[in-house]
Number of protein chains: 2
Amino acid sequence: MITLFIAEDQRMLLGALGSLLDLEPDMKVIGQAMNGEEALASILELSPDVCLMDIEMPLLNGLEVAEELVKRSAASKVIILTTFARPGYFERAVKIGVHGYLLKDGEIDDLAGAIRKVMAGKRVFSPELAIDVIREENPLTLKEQEILRLAALGKTTKEITAELYLSSGTVRNYISEIIHKLGAKNRTEAAAIAQQKGWL
Amino acid sequence: MITLFIAEDQRMLLGALGSLLDLEPDMKVIGQAMNGEEALASILELSPDVCLMDIEMPLLNGLEVAEELVKRSAASKVIILTTFARPGYFERAVKIGVHGYLLKDGEIDDLAGAIRKVMAGKRVFSPELAIDVIREENPLTLKEQEILRLAALGKTTKEITAELYLSSGTVRNYISEIIHKLGAKNRTEAAAIAQQKGWL
DNA sequence: AATATCAGGTGACATTTGTCATTTCTTCCG
DNA sequence: CGGAAGAAATGACAAATGTCACCTGATATT
């Protein structure tokens, strides 16, 4: 019997997946969560065989949960199940070492099969992810990402300096570099580009 | 036996809902579609008792399909099933006269019940829709939205003037007004706020 | 010890952005 | 008709932004 945990913030899909997978004779859904923190806590407690994990969830995103599980060497295998084929997401998921990355645009009928494959030690990835466009690497350093994340919210240079304890000149130098790296013409466009690529 | 049609562009949810509702002893899913045009054509041909309809779909959105069905006095009842309760959507759906408006954030377990209620001549609406927060109206005029949409992509004032045939002073006045209306401190934050509220 | 490299920082500068008061020209309404 | 309301524009100003060349320490590398 394969025990499952599902983390997904859209209640209807969560419920539907749960009911459906529970019908499989060799699977049992032992827990569900609608946000990252709850998911992390429950998974550590329940140790399911496999976790289906959405990425964009409140409080803690699916990739962060997966990372934390690896850090704490939890035994549960993670399959990311997401709408987005953003380059950054996929890249990061692979680096973290998740056991599967499936798109919500795939057939549910394949899902149970994928879970069994993962249980058998294989890794499963949606074929769409093979496309090159999706593999573009994030050119931004960690600090640059942090700064751009704040800038994307509309924070001013001054507010950013206060949060990161940097001088305003330094922040502007970083933003200038970010703009250059992304081929943007100002911070707003840089934010739009990074967001669209999943680099934020 | 209640015959159903499901129109939903996220394949996994479409499949899951289909499989699940088909398990109900008194229901049968007789058709599915992943875009509006296909949905409209199939519904007219198959005349299902009830259609579950997503709003944001390619080619033709769910509200437009519902409107067209009413225009052609199709007998099928429509239940809108959508992710987010944008004020404009709900209002328009009511005007069109749909038989139900449910959020994907609701329980699937309620879904079959809702469908039966609709078959019995009642109308069903997610309770969340009564809450005021969701009724928050978009304070931006059409022109302001158009300008902010461009600004959110990082376009400069000059680029916006070129696209909308306005003077740069006018564009800046509009943006100033937008910033004021949204309580932001610059165009980037205004964009972030509008995006988060679904006003873009 | 000599030298790269890297995170930060400075200062100067040209542009862009945001704000405001004021103007012009329609259109619409009693 | 007269006035209200709207869309668009101007001009002037302070502040924020983006660019660039160059400085400073602290770690690494050889």
Side-chain angles (χ1 to χ4, degrees), chain A residues 64 67 88 91-92 95 136-200, chain B residues 87-88 91-92 136-200:
Chain A
E64 290 168 331
E67 203 162 16
E91 255 256 325
R92 212 174 135 204
K95 266 189 199 139
E136 252 183 286
E137 276 221 27
N138 189 340
L140 303 179
T141 67
L142 276 180
K143 190 134 260 153
E144 285 166 350
Q145 286 173 49
E146 202 173 1
I147 287 173
L148 186 54
R149 217 173 290 128
L150 295 173
L153 296 173
K155 306 242 184 192
T156 62
T157 300
K158 212 199 297 177
E159 289 173 316
I160 296 174
T161 65
E163 257 178 86
L164 302 185
Y165 305 104
L166 293 173
S167 86
S168 83
T170 304
V171 170
R172 284 192 291 140
N173 284 341
Y174 273 117
I175 290 189
S176 189
E177 180 63 16
I178 291 168
I179 288 170
H180 185 238
K181 277 189 182 176
L182 300 185
K185 76 180 91 46
N186 56 48
R187 52 176 77 193
T188 309
E189 194 186 18
I193 291 172
Q195 228 136 24
Q196 185 249 315
K197 298 255 190 185
W199 289 338
L200 255 185
Chain B
E91 212 179 315
R92 208 173 137 205
E136 235 185 300
E137 282 223 15
N138 188 338
L140 304 179
T141 66
L142 277 179
K143 188 137 262 154
E144 285 166 350
Q145 287 173 48
E146 202 173 0
I147 287 174
L148 185 53
R149 216 172 294 128
L150 295 173
L153 297 174
K155 306 242 183 189
T156 63
T157 300
K158 212 200 295 177
E159 289 172 317
I160 296 174
T161 64
E163 254 176 90
L164 303 184
Y165 305 105
L166 295 173
S167 87
S168 85
T170 304
V171 169
R172 283 194 288 144
N173 284 340
Y174 272 117
I175 289 188
S176 187
E177 180 63 16
I178 291 168
I179 288 170
H180 186 237
K181 278 188 182 176
L182 300 185
K185 75 180 97 42
N186 55 49
R187 52 177 76 192
T188 310
E189 194 186 17
I193 291 172
Q195 230 137 22
Q196 185 248 316
K197 297 252 189 187
W199 288 338
L200 255 187

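Labels below follow one simple rule: chain letters A, B, ... track the order of the sequence lines, proteins then strands, and each chain is numbered from 1. Fair warning: this is a prediction, and the values are worked out from it, not measured in the lab.
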Can you pull out every salt bridge (Lys or Arg N to Asp or Glu O under 4.0 Å) where at least one residue sits in residues 164-175 of chain A? Sequence neighbours excluded, please.
none
Looking only at heavy atoms, what is the nearest atom pair of B:Ser168 and B:Thr157, with distance?
O-CG2, 3.8 Å
Shortest non-hydrogen contact between B:Asn186 and A:Gly154, atoms and distance:
ND2-O, 2.8 Å
Span of DNA chain D in contact with chain A (heavy atoms, under 4.0 Å)
D:dT17 to D:dC20
Hits for salt bridge (Lys or Arg N to Asp or Glu O under 4.0 Å) against B:Lys158, two or more places apart or cross-chain, chain-then-number order -> none
Anything under 4.0 Å to a heavy atom of chain B counts; send over the first and last such nucleotide of DNA chain C, read 5' to 3'.
C:dT17 to C:dC20
With side-chain contact (heavy atoms from CB on, under 4.5 Å) as the criterion, how do A:Leu166 and A:Tyr174 come out once you've worked through the C-alpha distance, each side chain's angles and the decisive distance to 0.1 Å?
CA-CA 11 Å; A:Leu166 293 173; A:Tyr174 273 117; 4.2 Å; yes
Looking at B:Thr188 and A:Ala152, what are the two nearest heavy atoms and their distance?
CG2-O, 3.8 Å
Going through the distances and angles, do B:Leu164 and B:Val171 end up as a side-chain contact (heavy atoms from CB on, under 4.5 Å)?
CA-CA 9 Å; B:Leu164 303 184; B:Val171 169; 5.9 Å; no
Contact residues, residues 173-189 of chain A to DNA chain C [heavy atom, < 4.0 Å]:
A:Asn173, A:Tyr174
Separation of A:Leu142 CG from A:Ile147 CD1 (nearest 0.5 Å)
11.5 Å
Where along residues 142-154 of chain A does a heavy atom fall under 4.0 Å from DNA chain C?
A:Lys143
Among residues at least two apart in sequence or on other chains, which ones pass side chain to side chain donor-acceptor pair (under 3.5 Å) with A:Ser167?
A:Thr170
Which residues within residues 156-169 of chain B lie with some heavy atom under 4.0 Å of an atom in DNA chain D?
B:Leu166, B:Ser167, B:Gly169
I need the minimum non-hydrogen distance between B:Ala190 and B:Ile179, along with the two atoms involved.
CB-CG1, 4.4 Å
Estimated bend of the helix from C:dA1-D:dT30 to C:dG30-D:dC1 (axis per five terminal pairs, rounded to 10 degrees):
30°
Quick one: salt bridge (Lys or Arg N to Asp or Glu O under 4.0 Å) pairs with a partner in residues 139-148 of chain B, sequence neighbours left out?
B:Glu144-B:Lys181
If you compare all heavy atoms of A:Leu182 against all heavy atoms of A:Ile193, which two are closest, and at what distance to 0.1 Å?
O-CD1, 3.6 Å
What pairs with B:Glu163 under salt bridge (Lys or Arg N to Asp or Glu O under 4.0 Å), at least two apart in sequence or on another chain?
B:Lys155
Which pairs with one or both residues in residues 184-195 of chain A pass salt bridge (Lys or Arg N to Asp or Glu O under 4.0 Å), sequence neighbours excluded?
A:Lys185-A:Glu189, A:Lys185-B:Glu159
